[in-house]
2 protein chains.
Amino acid sequence: MKDLVSRCPIEEVMQVISGRWPSLLIYYLKQGTKRFSDLRRDNPTISHKMLTLELRKLEEAGIVERSEFEGYPLRVEYDLTPAGLKLVPLLDALGDWWDATAAGRSTLPVQLTE
Amino acid sequence: MKDLVSRCPIEEVMQVISGRWPSLLIYYLKQGTKRFSDLRRDNPTISHKMLTLELRKLEEAGIVERSEFEGYPLRVEYDLTPAGLKLVPLLDALGDWWDATAAGRSTLPVQLTE
DNA sequence: AGTAAATTACGCACCTTTTTGTAACCACGA
DNA sequence: TCGTGGTTACAAAAAGGTGCGTAATTTACT
């Protein structure tokens with residue numbers, strides 16, 4: 001994800017929430033505090049590398065907060081920030097729009113109009 | 001973009017509107033009917049390959065309507081569908097959220113708090 | 001009259017760039 | 001030795017760019 005200085009806020013959000021993982025991670029974090037390993041369990045197909053990368057991106061964007069605790073094994077907790085929480089209903093609205101729009105899509109399952 | 005059958009509506013929308021172009025194309029189409037070459041002019045850095053691919057994806061998702069007219073040179077027009085129009089305010093809301101959240105981000109421009 | 005070029009919206013093949021996965025390694029303590 | 005939460009290097013896969021070909025008609029030139 002190159003960082004083209006767009007100054008279009010929509011483009012900028014998209015750079016952060018685009019892709020396969022961000023919405024999923026936000027979904028799981030919405031359930032409450034999660035540790036790195038929790039998120040991997042919630043989401044078995046993400047590689048640990050991608051998980052760290054995506055979490056850092058969300059952190060930088062102010063969506064996720066990372067808290068590191070001293071001691072071994074190292075404990076790190078992830079939470080949605082207040083801003084992250086405000087994002088949730090917007091994503092839900094997109095999901096609702098998608099479902100509502102289902103009827104107009106060409107990939108529609110077979111219709112039995114008899 | 002692999003088509004993993006997710007059945008999570010948010011994941012599904014994301015597969016469609018993720019990436020650099022969809023939001024931009026929707027933005028320009030919101031201004032009214034556009035032809036292929038108009039969209040390329042609006043958006044000089046997209047390649048014709050990507051433009052066709054993205055438009056097809058948006059069409060399949062029911063966001064964009066493609067109308068082909070007989071004659072040479074071939075004329076093709078693109079418009080937002082009613083569903084596509086309904087998507088616009090949702091994207092705008094994301095943009096607003098982004099701007100409102102700016103203060104919490106680490107990539108904040110230098111602050112002169114004096 | 002005959003030929004050539006331009007036009008529009010692509011499809012296709014090939015190649016480069018970017019993203020993602022895999023595996024190994026690190027720290028430390030129980 | 002295992003578990004935690006990483007980093008790094010290398011490999012594979014996916015995304016994206018470039019350039020050529022195509023259609024039928026008009027215009028432009030010779």
Side-chain angles (χ1 to χ4, degrees), chain A residues 1-6 11-12 14-25 28-29 32-61 64-80 106, chain B residues 1-6 11-12 14-25 28-29 32-61 64-80 106:
Chain A
M1 199 150 312
K2 202 168 301 168
D3 59 42
L4 34 105
V5 189
S6 61
E11 267 186 280
E12 294 185 3
M14 280 308 169
Q15 288 180 29
V16 174
I17 63 170
S18 267
R20 185 169 171 191
W21 305 116
S23 62
L24 271 175
L25 296 180
Y28 286 113
L29 285 169
T33 301
K34 297 268 182 177
R35 301 181 52 176
F36 189 86
S37 49
D38 293 330
L39 290 168
R40 291 212 66 190
R41 262 187 294 278
D42 287 336
N43 206 324
T45 59
I46 196 174
S47 67
H48 63 269
K49 178 183 170 183
M50 282 311 294
L51 183 53
T52 47
L53 290 177
E54 296 290 309
L55 285 171
R56 298 258 179 282
K57 188 177 70 175
L58 294 174
E59 199 193 343
E60 241 190 297
V64 162
E65 203 201 334
R66 192 183 110 106
S67 321
E68 196 172 319
F69 297 90
E70 293 300 320
Y72 286 87
L74 183 58
R75 186 162 60 94
V76 178
E77 291 183 353
Y78 292 94
D79 281 284
L80 289 184
S106 58
Chain B
M1 201 148 310
K2 203 168 298 166
D3 60 42
L4 34 105
V5 189
S6 62
E11 266 186 281
E12 294 184 3
M14 280 308 169
Q15 287 180 31
V16 175
I17 62 169
S18 268
R20 184 169 171 192
W21 306 116
S23 62
L24 271 175
L25 296 180
Y28 286 113
L29 285 169
T33 302
K34 297 270 184 174
R35 301 181 52 175
F36 188 86
S37 47
D38 293 330
L39 289 169
R40 291 212 65 190
R41 262 187 294 278
D42 287 336
N43 209 319
T45 60
I46 197 173
S47 66
H48 69 270
K49 178 183 170 184
M50 282 312 293
L51 183 53
T52 48
L53 289 177
E54 296 290 309
L55 285 171
R56 298 255 179 285
K57 188 176 69 173
L58 293 174
E59 200 192 344
E60 241 191 297
V64 162
E65 203 201 335
R66 193 184 111 104
S67 321
E68 197 174 303
F69 297 90
E70 292 301 319
Y72 284 85
L74 181 59
R75 185 161 61 92
V76 179
E77 291 183 356
Y78 293 94
D79 281 283
L80 289 183
S106 57

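Labels below follow one simple rule: chain letters A, B, ... track the order of the sequence lines, proteins then strands, and each chain is numbered from 1.
Checked by distance alone, A:His48 brings no side-chain donor or acceptor within 3.5 Å of a matching partner on the base of D:dT4.
Of the candidate nucleotides D:dG16, C:dC10, D:dT4, D:dT4 has the atom nearest to the side chain of A:Pro73. Nearest to the side-chain atoms of B:Leu74 among the listed nucleotides D:dG6, C:dA9, C:dG21 stands C:dA9. Nearest to the side-chain atoms of A:Lys49 among the listed nucleotides D:dA24, D:dT8, D:dG16 stands D:dT8. For A:Tyr78, the listed nucleotide lying nearest its side chain is D:dG6; candidates were D:dG17, D:dG6, D:dG5.
Where A:Tyr72 and A:Gly19 meet DNA chain C, the nucleotide closest to each residue was compared, and A:Gly19 sits on the side nearer the 5' end.
One can place CE of A:Met50 at 17 Å from C1' of C:dA23, the figure rounded to the nearest angstrom. Atom-to-atom, CD of A:Glu70 to C1' of C:dG29 comes out at 14 Å; the value is rounded to the nearest Å. Nucleotide D:dA13 holds its P atom 15 Å from the CZ atom of A:Arg20, rounded to whole Å. At whole-Å resolution of the value, CD in B:Glu77 and C1' in C:dT8 are 13 Å apart. One interatomic measurement links the two molecules: CD of B:Glu54 to P of C:dC10, which rounds to 14 Å at whole-angstrom precision. Residue B:Leu55 contributes atom CG, which lies 14 Å from atom C1' of C:dT8 at whole-angstrom precision. Note: CZ (A:Arg75) to P (C:dA30) measures 15 Å, nearest angstrom. We find that CG of B:Leu53 is positioned 16 Å from P of C:dA9, with the value rounded to whole Å.
Here the CG-NZ distance, from A:Leu25 to A:Lys34, works out to 10.5 Å after rounding to the nearest 0.5 Å.
Applying the 4.0 Å criterion to OP1 and OP2 of C:dT8, one finds that B:Arg35 has every side-chain N and O outside that range. Between A:Arg66 and D:dG5 there is no side-chain polar atom (N or O) within less than 4.0 angstrom of OP1 or OP2. Taking 4.0 angstrom as the limit, B:Ser37 places a side-chain polar atom (N or O) nearer than this to OP1 or OP2 of C:dA9.
No salt bridge links A:Arg35 with A:Asp38; every basic N to acidic carboxylate O contact stays at or beyond 4.0 Å. A salt bridge does not link B:Glu60 to B:Lys57: none of the charged nitrogens lies less than 4.0 Å from a carboxylate oxygen.
Using a 4.0 Å heavy-atom distance criterion, A:Arg40 is classed as making no nucleic acid contact.
A side-chain contact (heavy atoms from CB on, under 4.5 Å) with B:Leu29 is found for exactly one of B:Leu24, B:Leu39, B:Asp42, namely B:Leu39.
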Task: Worked check of salt bridge (charged side-chain N to carboxylate O under 4.0 Å, His left out) between A:Arg75 and A:Glu77 - done: CA-CA 7 Å; A:Arg75 186 162 60 94; A:Glu77 291 183 353; 2.7 Å; yes
